[in-house]
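Quantities reported herein were computed from a predicted structural model and do not represent experimental measurements.
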Amino acid sequence: MTLNEFVNEIYASHKRDKDTNYVFLLGVEYSKSSGIPLTRELAIGWFFELTKETYKFKDFINKHVEQEEIKEEALAVPTKDNISNELSSTIAKRYFQLFEALFPDMIDRQKEIQRLTEEKYLGLGYYNLADLMKCKAFNVVVTTNFDDLVHDALLYNGQSKRARVISRHLGSGTGLF
């Protein structure tokens with residue numbers, strides 16, 4: 001479905017039934033257009049950062065990597081150019097655990113999020129979403145993203161009330177997202 005078809009479908013549905021409300025679910029790709037790395041990219045970067053802290057790195061591998069072959073490859077510390085798909089997938093699945101191992105304090109986590117999001121600008125999709133959210137039927141967003149780009153778009157668009165943004169900020173490996 002193209003973007004135009006999607007918008008037309010929502011518009012037609014809203015016109016037929018004025019009581020219908022919509023919830024937008026935004027995944028990590030939505031922030032990619034604004035320069036925020038994908039979780040897989042972050043996890044791999046954090047993995048290589050963690051290799052610099054030998055004790056934490058070995059502890060992380062022993063706790064979170066079950067398959068012996070992958071554990072051996074990880075402990076041999078491959079380079080970003082020759083990492084296997086299996087290890088890359090394992091690392092990506094351990095995103096939260098890597099984040100917490102590398103940034104054990106909440107303040108350190110917040111600083112990392114700030115570093116990742118500073119000087120990032122809204123992608124075109126955020127402006128379009130903020131325009132849609134002026135209408136009560138489109139005023140809820142659920143996002144897995146840790147950035148505040150939805151809030152920024154709403155503020156930029158002059159909205160201070162009505163819209164509801166539900167997000168899952170980083171900090172724990174448990175929860176819905």
Side-chain angles (χ1 to χ4, degrees), residues 3 6 10 21-53 56-57 59-61 63-66 70 74 80 83 85-135 138-177:
L3 178 59
F6 176 71
I10 289 176
N21 290 314
Y22 297 86
V23 175
F24 291 97
L25 175 61
L26 303 183
V28 294
E29 285 86 15
Y30 209 81
S31 293
K32 181 70 174 172
S33 67
S34 297
I36 307 290
L38 298 174
T39 52
R40 180 182 204 89
E41 296 166 346
L42 289 171
I44 289 173
W46 291 335
F47 172 82
F48 285 104
E49 276 298 308
L50 193 61
T51 64
K52 298 172 187 173
E53 300 182 40
K56 279 186 179 180
F57 177 70
D59 185 54
F60 173 82
I61 296 300
K63 283 182 181 175
H64 300 291
V65 179
E66 290 105 27
I70 297 173
K80 288 183 182 179
I83 189 170
N85 288 337
E86 293 82 12
L87 179 56
S88 179
S89 292
T90 299
I91 291 168
K93 289 176 188 171
R94 299 292 181 232
Y95 169 82
F96 282 113
Q97 292 86 359
L98 273 164
F99 187 68
E100 290 178 337
L102 199 55
F103 307 101
D105 299 319
M106 188 57 84
I107 290 173
D108 293 333
R109 291 181 200 145
Q110 188 58 43
K111 285 180 182 177
E112 176 66 357
I113 291 170
Q114 186 175 352
R115 182 189 70 77
L116 292 167
T117 58
E118 67 189 358
E119 298 184 25
K120 302 298 188 228
Y121 299 99
L122 300 170
L124 182 60
Y126 283 103
Y127 293 107
N128 293 331
L129 181 64
D131 274 344
L132 267 176
M133 291 180 73
K134 286 180 180 178
C135 177
F138 305 104
N139 70 348
V140 178
V141 171
V142 177
T143 179
T144 61
N145 300 336
F146 56 78
D147 57 65
D148 291 326
L149 295 174
V150 173
H151 293 285
D152 293 349
L154 294 171
L155 290 172
Y156 180 83
N157 208 18
Q159 290 173 256
S160 60
K161 294 184 181 177
R162 284 199 328 191
R164 182 159 185 202
V165 179
I166 303 165
S167 63
R168 168 69 163 87
H169 287 276
L170 295 176
S172 171
T174 60
L176 293 174
F177 304 109

### Message
Phe146 vs Thr39, test: side chain to side chain contact (heavy atoms under 4.5 Å, CB included). Steps then yes/no.
### Response
CA-CA 10 Å; Phe146 56 78; Thr39 52; 5.8 Å; no
Give, for atom [atom1] of [X] and atom [atom2] of [Y], the distance between the pair rounded to the nearest 0.5 Å.
X	Y	atom1	atom2	value
Thr117	Asn145	OG1	CG	11.5 Å
Thr144	Leu25	OG1	CG	7.0 Å
Glu49	Leu98	CD	CG	11.5 Å
Met133	Leu154	CE	CG	5.0 Å
Tyr22	Ile10	OH	CD1	6.5 Å
Lys93	Ser88	NZ	OG	10.5 Å

### Task
Please determine if Arg115 and Glu118 form a salt bridge, counting it only when a charged side-chain N lies under 4.0 Å from a carboxylate O.
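No salt bridge links Arg115 with Glu118.
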### Message
Could you check whether Lys80 pairs with Glu41 (Lys NZ or Arg NE/NH1/NH2 to Asp/Glu carboxylate O, under 4.0 Å)?
### Response
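The answer is no: the pair does not qualify as a salt bridge.
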### Task
Classify the angle between the aromatic ring planes of Phe60 and His64 as parallel (below 30°), tilted (30 to 60°) or perpendicular (above 60°).
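If you compare the ring of Phe60 with that of His64, the planes turn out tilted.
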Check whether any side-chain heavy atom of [X] sits under 4.5 Å from a side-chain heavy atom of [Y], and report yes or no.
X	Y	value
Glu53	Leu102	yes
Ile91	Phe48	no
Pro37	Leu116	yes
Val150	Phe24	no

### Summary
From the list Arg109, Lys111, Gln110, side chain to side chain contact (heavy atoms under 4.5 Å, CB included) with Ile107 holds only for Lys111
### Task
Determine the sole option in Asn139, Val142, Ile166 for which the side chain to side chain contact (heavy atoms under 4.5 Å, CB included) test with Val23 is passed.
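Single pass found, and it is Val142.
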### Task
Please check if atom NZ in Lys63 has more than 12 non-hydrogen atoms from other residues, nucleotides or ligands closer than 6.0 Å.
no
Minimum heavy-atom separation for [X] and [Y], please, with both atom names.
X	Y	value
Ser34	Gly123	OG-N, 2.8 Å
Arg40	Asn85	NH2-O, 4.4 Å
Ala43	Ala92	CB-CA, 4.0 Å
Ala74	Ile61	CB-CD1, 3.6 Å

#### Entry: Qualifying side chain to side chain donor-acceptor pair (under 3.5 Å) pairs, either residue in residues 122-132, two or more places apart
Ser31-Tyr126, Asp131-Asn157
### Task
Apply salt bridge (Lys or Arg N to Asp or Glu O under 4.0 Å) to the pair Arg94 and Glu66, showing each step before the final yes or no.
CA-CA 12 Å; Arg94 299 292 181 232; Glu66 290 105 27; 3.3 Å; yes
### Trace of the side chain to side chain contact (heavy atoms under 4.5 Å, CB included) decision for Val140 with Asn21
CA-CA 9 Å; Val140 178; Asn21 290 314; over 6 Å; no
### Message
Apply side chain to side chain contact (heavy atoms under 4.5 Å, CB included) to residues Leu149 and Thr143 and explain how you reach the verdict.
### Response
CA-CA 10 Å; Leu149 295 174; Thr143 179; over 6 Å; no
### Query
Under the 3.5 angstrom rule, does the side chain of Ser33 hit a backbone N or O of Tyr30 as a donor-acceptor pair?
yes
